[in-house]
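Heads up: the structure comes next, in structure tokens.
Read the numbers this way: they start at 1 and go in the same order the structure lists the ligands and their atoms.
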Amino acid sequence: MTREIDAVEAREILDNRLEPTLRVTVRTEDGTAGQADVPRGRSRGVHEAVDLRDGGDRYRGKGVKTAVRNVEERIEPALVGHSVTDQAGIDALLRELDGTPDGSNLGGNSLTGVSLAALKAGAKSHDLPLYRYLGGPAATTIPIPLVDLIEGGELGASGLPFQEHQIVPTGADSFGDAIRMCAEVYYELGDELAESHGESALSVGDEGGYTPATMTDPRDAFDSILDAVRACGYEDVFELGIDAAATHFHDPDDGTYRLADGTYTRGELLEFYAELEETYPLVSIEDPLEEDDFEGFATLSDRLDAQIVGDDLFVTNDERLRKGIDIGAGDALLCKINQVGTVSEAIEAVETARENGYAIQVSERSGQTADTWLAEVAVGLRAAQIKTGTTRSERTEQYNRLLEIEAECDGGYAAWPR
Ligand SMILES: O=C(O)[C@@H](CO)OP(=O)(O)O
Ligand SMILES: [Mg+2]
């Protein structure tokens, strides 16, 4: 079979926010095609690969025509003739062509799109589902979802400073059961919020979680969620998580953090997390501090039992992850391929995490399409955790694909946390 790349095409499409993004297709000589959509973050870390936008890195409708051109004029000629199953070679070539550490020359979005499309074409050329191509016969475990029931911060119009208030079905027996129980809690919570905060609380944020405008205290979010969990009789199934996304309420001028009830020093915020862990069944805290505070992450990892997840801190970058591992910062890697650029670089970070006992949480971006590579990659990388939002079809499609994979490979349900 001829597995050489014959063509690499790109076009501008729209994500769930009507923002332009890239769709890349890699074709091989025998007619196999792999197509992948590139996701896009809104609460992005400063150390992420550059997301190339025409006219600058802003949200509002800016196109990705330059990134499209880069794929077709600069990447395609270099990749034609290359074996599509040589993922490491393709990714190394992409990095070499770009020649910058942050992907700013060709665009991190171009690199991610081509890398993922090649991965998908490689899987097809072997006639394997993507998760099996990536993870081999051992890839049969379905990750535990961290489901964002109430949104705040940059992603929801509630008054809450933290970006995500999650339920974590650590006590479920299967993925199918887990997601069904999540849905029941979601609807119970909706009834309660509509009563306590009015029908407008049922508006959803970028990831499909509720956004009660008058809710400002994370403890109220947890109390409402736990009430819903209890009303459903699932106290033994669910624990709680947050993505604080603290960079986005941090004031770099004086180093303080702004929550709804006032300004917190770094020390006061650390105490607040400790208090939350004492009061609630909190098992996961993502980005509790700003994106360069490795020492603060280490202090929390040491002090709390909850896993501390590095998103903006590590940006799926092996070097930053190793820096964290050296001083004990964090307990889990958030894995977002487009933060770092290529599939191979994300795999490198995942392997480092695994070798060092860090948990792996494969994550959505707030801007996505219905492309389900995320679900495939989570199983393929043998991650025990996935974060892919709540309602909205670009999120539920990931769950649908995980349900299919669970049935396809008679998959087991992951154990918390790794
Ligand atoms: O902070 C995050 O973890 C994400 C996704 O949940 O947000 P964004 O994609 O906007 O960076
Ligand atoms: Mg985050």
Original post:
Can you tell me the angle formed at the Mg ion (ligand 2) by OE2 of E286 and OD2 of D243, to 10°?
Top reply: 90°
Original post:
For the Mg ion (ligand 2), what is the closest N, O or S atom on D311?
Top reply: OD2
**OP:** Quick one: look up the protein heavy atom nearest atom 4 (C) of ligand 1 and list residue, atom name and how far away it is.
**Re:** K336 NZ, 3.3 Å
Original post:
Would A245 count as a contact of ligand 1 if the rule is a heavy atom under 4.0 Å away?
Top reply: no
**OP:** Determine whether the side chain, the backbone, both or neither of D206 has a heavy atom under 4.0 Å from any heavy atom of ligand 1.
**Re:** neither
Original post:
Are E154 and ligand 1 in contact, using a heavy-atom cut-off of under 4.0 Å?
Top reply: no
Subject >> Which residue and heavy atom of the protein sit nearest atom 11 (O) of ligand 1, plus the separation >> reply: R365 NH2, 2.7 Å
Subject >> ligand 1 to S366 polar contact by distance, N or O atoms, under 3.5 Å >> reply: yes
Original post:
Quick one: which ligand 1 atoms are inside 4.0 Å of a heavy atom on E286?
Top reply: 3 (O)
**OP:** Provide the number and element of each atom of ligand 1 under 4.0 Å from a heavy atom of G41.
**Re:** 8 (P), 9 (O), 10 (O), 11 (O)
Original post:
Do the charged groups of R95 and D91 touch, with an N to O distance under 4.0 Å?
Top reply: no
Subject >> Identity and separation of the nearest protein heavy atom to atom 5 (C) of ligand 1 >> reply: E207 OE2, 3.1 Å
**OP:** Could you tell me whether D243 and K387 make a salt bridge, using a distance below 4.0 angstrom between a side-chain N and a carboxylate O?
**Re:** yes
